[in-house]
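Values below: every heavy atom of this structure, side chains too, minus hydrogens, waters and symmetry copies. Protein chains get the first letters and strands the later ones, always in sequence-line order, with residue 1 at the start of each.
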2 protein chains.
Amino acid sequence: MSAGRRTAPPEKALTRQAEDYLKCIYEIEQGGAPAATTDIAEQLGIAAASVSGMLQRLARLGLVSVERYRGARLTAPGRAVALQLLRRHRIIESFLVTKLGYGWDDVHEEAERLEHAASAELIDRMAEALGNPTTDPHGAPIPTAAGRVDERRLASIADLPIGARARVVRMSDRDPEFLRYLAKRGIVPGATVRVAAREPFDGPITLTVGRAKQAVGAAAAAAVYVDGAAREPRTGKV
Amino acid sequence: MSAGRRTAPPEKALTRQAEDYLKCIYEIEQGGAPAATTDIAEQLGIAAASVSGMLQRLARLGLVSVERYRGARLTAPGRAVALQLLRRHRIIESFLVTKLGYGWDDVHEEAERLEHAASAELIDRMAEALGNPTTDPHGAPIPTAAGRVDERRLASIADLPIGARARVVRMSDRDPEFLRYLAKRGIVPGATVRVAAREPFDGPITLTVGRAKQAVGAAAAAAVYVDGAAREPRTGKV
DNA sequence: GAAATAAGTTAGTACGTACTAACTTATGGT
DNA sequence: ACCATAAGTTAGTACGTACTAACTTATTTC
């Protein structure tokens, strides 16, 4: 982990697994803190011990910096890899939905595999065929080929006060069931929702979507992001 | 969704490498004889010793039958895997050329990676978007989803007698340079060529393509296949 | 602040996939 | 038939990536 040594920038073909770790760490780090071993392990569905080992390897490759017993952060090269993967993932999802008739609830897994096999050229061609979109079907921003991306943290429905009206811009793409649940209730990117009521103690939130009223759980509400105020008072760092 | 079991039941997710071996063995076997260790090694660019080891593993999985010191043949399940890969490869190549503007000389490598990551559903959707083509951009027949394919052996230009006229139907897709060379001379699937002259001892063959005359080497001529008589008198097995 | 608990690490193991070196078997020339 | 060479195999090694078990460090709770 000590700096020094050259660490070769030339990107010598990472394994699928290494790439998955980097993407996972990136996503966890978006929460603000370094990625904890346990969180990575849970996210990837592997044992914590395996994560410890892999983090050392990634550190040896100069892709993460690890503070023992504290967690891992991406280095600049590691971050670049993660952003490329994110770009690939989101363009592939967009392409599958727009050009091949996939449902938005059904593309995550396919993209998860393809993102490791697609060349930069393929991704760029797909992006061009789509008109270089800036968000994927779930509203997630697509990093540019150069690795720039809007990382502002969005408020979720769970953060909205009663009476607030907001435009849905994004939701988690992990769970097809969840996405179908949302779609069936009209909760899709672009829709407008109003908070009609909310129960205390993380109770259900009642939304007005179109002219229908929906009660959704707090966990679901926290996974749907809306336009407007950032979730935390810290200034959004782009 | 898709109905009943046809071949081996479980299909427990082969590695990329195992899949590559199977495809490679299939291709070598098309020559008629079992796939020799050395041939596989050369084709895949690995050491012969590594092939010996892998063949034992594939045999243990019931995908190939190996006769010691003699070579390997695919079993029915192994053949099914290979044909699926071939289908994937060729549909992906077709899709890249037709829908994403790739050159026909430039798709092999990309397909080589994607074929291991694409789901059956993706392949079927791509095939449908293309109108379920029966051959890829290099004229290679595309196996059906059920694993049927035309395996007739074609005559190559090298097999044609002087004066013969034939329609080009297929060529090897391995080498982009080679494909560009052929295209530049009008030798593409569908073109008609006539053998104007041929030198003995595997010397160059002079072809008439359109109104131009071209002299091509024997090796190149042997990698371009034409309609008509099978290369060998054995009955074509489909 | 010490014990209980959670989080993280190391050690040892296993498997896939590659390698080289050394040995064995098959083949072809005389 | 015999030997030289080619082809193939085994043995031993290495690395990536996972695992469990046992240990260490950090955090929480009284």
Residue whose nearest DNA chain C nucleotide is more 5′ - B:Ala49 or B:Arg60 = B:Arg60
Measure from the side-chain heavy atoms of [X] and tell me the nearest of [options].
X	options	result
B:Arg57	C:dG16, C:dC19, D:dT10	C:dG16
B:Ile46	D:dT20, C:dA18, C:dT10	C:dA18
A:Arg70	C:dC19, D:dT9, D:dA26	D:dA26
A:Gln17	D:dA18, C:dT9, C:dT17	D:dA18
A:Ala47	C:dC19, D:dT9, D:dT20	D:dT20

What's the verdict on side chain to side chain donor-acceptor pair (under 3.5 Å) for A:His89 and A:Asp136, showing C-alpha distance, side-chain angles and the deciding distance?
-> CA-CA 9 Å; A:His89 184 94; A:Asp136 77 4; 5.8 Å; no
Send over the distance from [X] [atom1] to [N] [atom2], rounded to a whole Å.
X	N	atom1	atom2	value
A:Asp20	D:dG16	CG	C1'	14 Å
B:Leu55	C:dT17	CG	C1'	13 Å
B:Leu44	C:dT17	CG	C1'	12 Å
B:Leu58	D:dT9	CG	P	13 Å
B:Glu42	C:dA18	CD	P	16 Å
B:Leu61	C:dT17	CG	C1'	14 Å
B:Tyr69	D:dT10	OH	P	6 Å

In this structure, which one of B:Glu93, B:Arg90, B:Arg170 forms a side-chain contact (heavy atoms from CB on, under 4.5 Å) with B:His138?
->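 Of all the options given, the one that passes is B:Glu93.
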Could you tell me whether A:Gln56 contacts a base, only the sugar-phosphate backbone, or nothing, with contacts defined as non-hydrogen atoms closer than 4.0 Å?
->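 Since only primed, P, OP1 and OP2 atoms lie under 4.0 Å of A:Gln56, the category is sugar-phosphate.
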With a 4.0 Å cut-off on heavy atoms, is B:Thr37 in touch with a base, just the backbone sugar-phosphate, or nothing at all?
->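 Sugar-phosphate only.
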B:Phe95 vs A:Phe95 aromatic rings, parallel, tilted or perpendicular, using cut-offs 30° and 60°?
-> perpendicular
Does a sphere of radius 6.0 Å around CD in A:Glu42 hold more than 12 heavy atoms from other residues, nucleotides or ligands, not counting ones at 6.0 Å or beyond?
-> no
On DNA chain D, check which nucleotide each of B:Arg68 and A:Met54 is closest to and give me the residue with the more 5' one.
-> B:Arg68
Does the side chain of B:Ser50 get closer than 4.0 angstrom to OP1 or OP2 of C:dC19 through an N or O atom?
->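 Result: yes.
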Can you tell me if the side-chain N/O atoms of B:Tyr21 get under 4.0 Å from OP1 or OP2 in C:dG16?
->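 Checking C:dG16 against B:Tyr21, no side-chain N or O comes under 4.0 Å of OP1 or OP2.
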Considering all heavy atoms, the nearest B:Ala158-B:Ile205 contact = CA-CD1, 3.9 Å
